[in-house]
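Quick notes on the structure that follows.
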Amino acid sequence: MHFTSEQRLDDGVLEREFSLGETPGTLWTPESAAPAPLILMAHNNGLPKAEPRLVARARYTAARGYAVATIDAAGCGDRRSATDEQARADLRRAMQAGEPVDEIFESFIGPLVENAVPEWRTTLDALLELPEIGGPVGYSGGWTALGIRLAVVEPRIAAAGFFAGGYVPRAQREEARQVNIPLLFLLQWDDEGNPRQRALDLFDTFGSKEKTLHANLGGHTGTPWFELEDGCRFLDRHLK
């Protein structure tokens with residue numbers, strides 16, 4: 001892992017850009033002498049690590065005493081290929097025309113998850129070698145499909161917060177039965193791009209004995225800010 005830049009932010013959080021092979025990432029760490037628990041934070045379905053909502057969540061979480069890391073895995077951010085861009089164009093065209101989009105999502109999101117998981121696990125290996133980072137590890141993000149797969153294959157992840165705002169391929173909906181860690185699931189009740197019943201069915205499918213559903217009125221980007229506070233309290237219960 002090679003750090004390429006760093007800056008101390010107004011809230012005392014240290015923000016560092018890094019590279020790990022071809023994978024670029026950002027790490028936020030709190031002002032603390034003790035090793036901090038680690039949160040892996042991903043935005044929805046290939047959006048960049050510099051997306052403002054992700055950065056705001058990461059900084060808030062780091063200020064609460066966590067190390068927070070995100071990456072642009074293959075197909076995400078600036079690493080999107082011509083094939084990725086064509087899939088997104090096909091998706092936009094179908095949505096504007098009111099056509100079914102599930103199969104486009106399947107062909108697009110499924111491979112994205114498969115390609116992203118190894119890079120996230122390699123990044124996790126490298127992060128846990130840093131002296132300022134300890135365990136345990138949590139996952140928090142809008143990319144629920146990625147989070148499901150990581151929760152299934154990565155035993156170091158002890159708790160997860162998912163946002164029911166992105167398409168979850170059929171493979172990950174089936175894998176959700178194997179997720180058994182404590183889980184917080186956020187649902188926007190009026191999310192125009194995410195059928196409510198599908199999200200409720202996914203919540204029901206999770207195998208976790210401790211799982212909590214928070215539902216709020218409003219569309220996709222209308223999640224109340226207090227859910228970030230509640231999310232950190234959830235992480236505090238399970239990671240500190």
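Position 1 is the first residue of the sequence, and the numbers go up from there. Everything numeric here is computed off the predicted structure, so don't read it as measured data.
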- [ ] Determine, step by step, whether Glu106 and Arg173 satisfy the salt bridge (Lys or Arg N to Asp or Glu O under 4.0 Å) criterion, reporting the C-alpha distance in whole Å, the side-chain angles of both residues, the deciding distance to 0.1 Å, and the verdict.
- [x] CA-CA 12 Å; Glu106 286 287 334; Arg173 279 180 255 163; 3.7 Å; yes
Please say yes or no: joined through hydrophobic side-chain contacts below 4.5 Å, possibly via intermediate residues, are [X] and [Y] part of one cluster?
X	Y	value
Leu187	Leu184	no
Tyr139	Tyr66	no
Ile157	Val179	yes
Val117	Met41	no
Met1	Leu27	yes

Between [X] and [Y] (side chain of the first, backbone of the second, donor and acceptor by atom type, cut-off under 3.5 Å), is there such a pair?
X	Y	answer
Glu51	Leu54	yes
Ser208	Ile181	yes
Arg196	Trp189	yes
Arg149	Val113	no
Asp204	Leu200	no
Ser19	Pro24	no
Asp190	Gly219	no

Open item on the list: Looking at every heavy atom in both Gly166 and Asn194, which two are closest together, and how far apart are they?
Closed with: O-OD1, 4.3 Å
TODO: Mind running ring pair (Phe, Tyr, Trp, His ring centres under 6.0 Å) on Trp143 and Tyr167 for me, showing each step along the way?
DONE: CA-CA 9 Å; Trp143 195 357; Tyr167 184 83; over 10 Å; no
Does any non-hydrogen side-chain atom of [Y] lie less than 4.5 Å from one of [X]?
X	Y	value
Asp11	Tyr60	no
Thr70	Trp28	yes
Pro224	Asn216	yes
Arg64	Asp236	yes
Arg57	Ser140	yes
Val137	Leu124	yes

Task: Arg59 and Leu9: CA distance, side-chain angles, deciding distance, side chain to side chain contact (heavy atoms under 4.5 Å, CB included) verdict - done: CA-CA 9 Å; Arg59 289 185 58 176; Leu9 305 175; 3.3 Å; yes
TODO: Would you check, one step at a time, whether the test side chain to side chain donor-acceptor pair (under 3.5 Å) holds for Glu175 with Gln172?
DONE: CA-CA 5 Å; Glu175 284 181 320; Gln172 275 70 64; 3.1 Å; yes
- [ ] Would you check, one step at a time, whether the test ring pair (Phe, Tyr, Trp, His ring centres under 6.0 Å) holds for Phe185 with Phe163?
- [x] CA-CA 6 Å; Phe185 197 53; Phe163 172 54; 8.6 Å; no
Open item on the list: Does Ile148 form a side chain to side chain contact (heavy atoms under 4.5 Å, CB included) with Leu202? I'd like the steps, not just the answer.
Closed with: CA-CA 11 Å; Ile148 290 171; Leu202 179 61; 4.3 Å; yes
Atom pair [atom1] ([X]) and [atom2] ([Y]), whose distance is rounded to the nearest 0.5 Å:
X	Y	atom1	atom2	result
Thr144	Ile109	OG1	CD1	11.0 Å
Ile71	Thr23	CD1	OG1	5.5 Å
Leu91	Ile104	CG	CD1	6.0 Å
Leu228	Asp230	CG	CG	9.0 Å
Gln7	Arg16	CD	CZ	12.0 Å
Phe18	Thr4	CZ	OG1	9.0 Å

Open item on the list: I'd like to know whether CD of Glu192 has more than 12 heavy-atom contacts from other residues, nucleotides or ligands below 6.0 angstrom.
Closed with: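 Yes, CD of Glu192 has more than 12 neighbouring heavy atoms, counting only those of other groups under 6.0 Å.
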Open item on the list: Ignoring hydrogens and geometry beyond distance, is a side-chain donor-acceptor pair present between Thr26 and Glu17 at under 3.5 Å?
Closed with: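 Distance-only check passes for Thr26 and Glu17.
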- [ ] Give a yes/no verdict on a cation-pi contact between Lys211 and Phe203, requiring under 6.0 Å between NZ or CZ and the six-membered ring centre and an angle within 45° of the axis.
- [x]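 Checked: cation-pi criterion met.
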Ion pair [X]/[Y], N-O distance below 4.0 Å:
X	Y	result
Glu103	Arg170	yes
Glu15	Arg8	no
Glu119	Arg79	yes

Task: Check: Phe162 ring centre within less than 6.0 Å of Phe206 ring centre - done: yes
- [ ] Check the pair Asp102 / Arg198 against salt bridge (Lys or Arg N to Asp or Glu O under 4.0 Å), numbers first and verdict last.
- [x] CA-CA 12 Å; Asp102 279 10; Arg198 179 182 290 174; 2.6 Å; yes
TODO: Could you point out which residue of Leu40, Thr122, Leu20 forms a side chain to side chain contact (heavy atoms under 4.5 Å, CB included) with Leu127?
DONE: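 When Leu40, Thr122, Leu20 are each tested with Leu127, the side chain to side chain contact (heavy atoms under 4.5 Å, CB included) holds only for Leu40.
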